[in-house]
Amino acid sequence: MNIPQELKYTKDHEWVRIEDDIATIGVTDFAQSELGDIVYVEVETVGETLNAEEVFGTVEAVKTVSDLFMPVSGEVTELNEKLADEPELVNSDPYGDGWMVKVKISGDASGLLSAEEYAELVGA
């Protein structure tokens, strides 16, 4: 299982890459493997300001639909447009081309897990 050291994580299996006040968010390698083949990603919150732990979208796999939770508070500024035609990027490259949204952070990001804490959570 791939758990990049430079990222932060949530208990809901989202990853976060913070650069200045912008957070790039996606689902972890663990999450995509548990979900199976991803067929659709829906995010209708671009332009909205959400609090941490609020739902920002959903991911649909062959067998299930799962909510996506905001790891930080802020405004959703960008959606990964590639996912409209290639939702399988979440499976094949969850930490790269499979990212989901970018958020302008407006709150505290200190509640996120380190790579070590996330690995312990998922038993890696």
Side-chain angles (χ1 to χ4, degrees):
M1 183 181 338
N2 186 9
I3 304 175
Q5 293 293 310
E6 72 275 9
L7 302 177
K8 297 293 186 184
Y9 299 88
T10 71
K11 292 178 179 156
D12 296 312
H13 310 290
E14 281 88 20
W15 59 263
V16 184
R17 178 181 295 115
I18 298 174
E19 298 168 294
D20 297 320
D21 64 345
I22 301 296
T24 302
I25 300 165
V27 298
T28 65
D29 188 35
F30 174 84
Q32 70 78 23
S33 67
E34 291 290 306
L35 287 166
D37 293 337
I38 301 208
V39 295
Y40 187 67
V41 176
E42 180 177 39
V43 176
E44 295 182 350
T45 52
V46 174
E48 293 182 27
T49 298
L50 301 172
N51 292 319
E53 299 184 16
E54 285 190 288
V55 174
F56 72 84
T58 58
V59 61
E60 184 176 337
V62 173
K63 298 177 185 176
T64 188
V65 175
S66 184
D67 287 335
L68 299 166
F69 297 95
M70 286 287 286
V72 294
S73 297
E75 179 187 355
V76 180
T77 59
E78 188 178 343
L79 165 66
N80 183 351
E81 298 291 341
K82 288 182 184 179
L83 298 182
D85 295 325
E86 300 176 85
E88 66 274 7
L89 287 171
V90 176
N91 293 117
S92 63
D93 193 10
Y95 301 114
D97 286 340
W99 65 273
M100 295 183 174
V101 294
K102 292 194 179 190
V103 173
K104 183 172 178 35
I105 300 170
S106 63
D108 184 14
S110 65
L112 299 172
L113 303 174
S114 68
E116 293 80 14
E117 290 167 326
Y118 184 71
E120 187 175 313
L121 175 76
V122 298

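Residue indices begin at 1 and follow the sequence shown. This one's a predicted model, so the numbers in the text were calculated from it and none came from an experiment.
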Student: More than 12 heavy atoms of other residues, nucleotides or ligands under 6.0 Å from CD of E54: yes or no?
Tutor: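 Enclosed: over 12 neighbouring heavy atoms sit under 6.0 Å from CD of E54.
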Student: Report yes or no: do L79 and L50 belong to one cluster of Ile/Leu/Val/Met/Phe/Trp/Tyr joined by side chain heavy-atom distances under 4.5 Å?
Tutor: yes
Student: Give a yes or no answer on whether the side chain of D29 reaches the backbone of N2 with a donor-acceptor pair at less than 3.5 Å.
Tutor: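 Judged by distance alone, yes, a pair lies under 3.5 Å.
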Student: If I take atom CD1 from residue I105 and atom CE from residue M70, how far apart are they, to the nearest 0.5 angstrom?
Tutor: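 One gets 9.0 Å once the value is rounded to the nearest 0.5 Å.
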Student: Would you compute the distance between atom CG of D37 and atom CD of Q32 and round it to the nearest 0.5 angstrom?
Tutor: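 Here the rounded value is 9.0 Å.
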Student: What distance separates T10 OG1 from E117 CD, expressed to the nearest 0.5 Å?
Tutor: 12.0 Å
Student: Should L83 and L35 be counted in the same cluster of Ile, Leu, Val, Met, Phe, Trp and Tyr side chains packed under 4.5 Å apart?
Tutor: yes
Student: For residues 80-101, which residue pairs pass the salt bridge (charged side-chain N to carboxylate O under 4.0 Å, His left out) check, not counting sequence neighbours?
Tutor: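 Checked against salt bridge (charged side-chain N to carboxylate O under 4.0 Å, His left out) - neighbours excluded - the pairs reaching residues 80-101 are K82-D97.
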Student: With the side chain counted from C-beta on, respond yes when T28 and V122 share a heavy-atom pair under 4.5 Å apart, and no when they do not.
Tutor: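 A side-chain contact is absent here, since even the closest heavy-atom pair is not under 4.5 Å.
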Student: With the 4.5 Å side-chain cut-off for hydrophobic clustering, are V46 and V101 part of the same group?
Tutor: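 Yes.
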Student: Please list, one pair per line, the donor and acceptor atoms closer than 3.5 Å that link side chains of residues 56-64 to other protein atoms, with sequence neighbours excluded.
Tutor:
none

Student: Tell me, which pairs form a ring-ring contact (aromatic ring centres under 6.0 Å, His included) where one or both residues lie in residues 82-124, sequence neighbours left out?
Tutor: Y9-Y118, H13-Y118, W15-Y95
Student: Show the nearest heavy-atom pair for residues E44 and E42, with the distance to one decimal.
Tutor: OE2-OE2, 2.9 Å
Student: Transitively linked via ILVMFWY side-chain contacts under 4.5 Å: L121 with L7?
Tutor: yes
Student: Is there a path of hydrophobic side-chain contacts, each under 4.5 Å between heavy atoms, that joins M100 and V39?
Tutor: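 No, M100 does not connect to V39 through the hydrophobic network.
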Student: Side chain to side chain contact (heavy atoms under 4.5 Å, CB included) between I18 and L112: does it pass, once the steps are laid out?
Tutor: CA-CA 11 Å; I18 298 174; L112 299 172; 4.2 Å; yes
Student: With a 3.5 Å distance limit and no angle check, can you tell me whether N91 reaches the backbone of I38 through a side-chain donor-acceptor pair?
Tutor: yes
Student: Could you grab the distance from atom OG of S106 to atom CG of N51, nearest 0.5 Å is fine?
Tutor: 7.5 Å
Student: How close do I3 and A124 get, counting heavy atoms only, and between which atoms?
Tutor: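 Closest approach of I3 to A124: CD1-CB, 4.0 Å.
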Student: Which residue pairs satisfy the salt bridge (charged side-chain N to carboxylate O under 4.0 Å, His left out) criterion with at least one member in residues 11-27, sequence neighbours excluded?
Tutor: D21-K104
Student: Which donor-acceptor pairs under 3.5 Å do side chains of residues 71-78 form with protein atoms, sequence neighbours excluded?
Tutor:
from: S73; atom 1: OG; to: A52; atom 2: N; distance (Å): 2.9
from: T77; atom 1: OG1; to: K102; atom 2: O; distance (Å): 3.2

Student: If you draw a 6.0 Å radius around CD in E53, do more than 12 non-hydrogen atoms from other residues or ligands fall strictly inside?
Tutor: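 Not buried by this count: 12 neighbours or fewer within 6.0 Å.
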Student: First locate atom CG of N80, then atom CD1 of I25, and finally report the distance between them rounded to the nearest 0.5 Å.
Tutor: 12.5 Å
Student: Among all residues two or more places apart in sequence or in another chain, which pass the ring pair (Phe, Tyr, Trp, His ring centres under 6.0 Å) test with F69?
Tutor: none
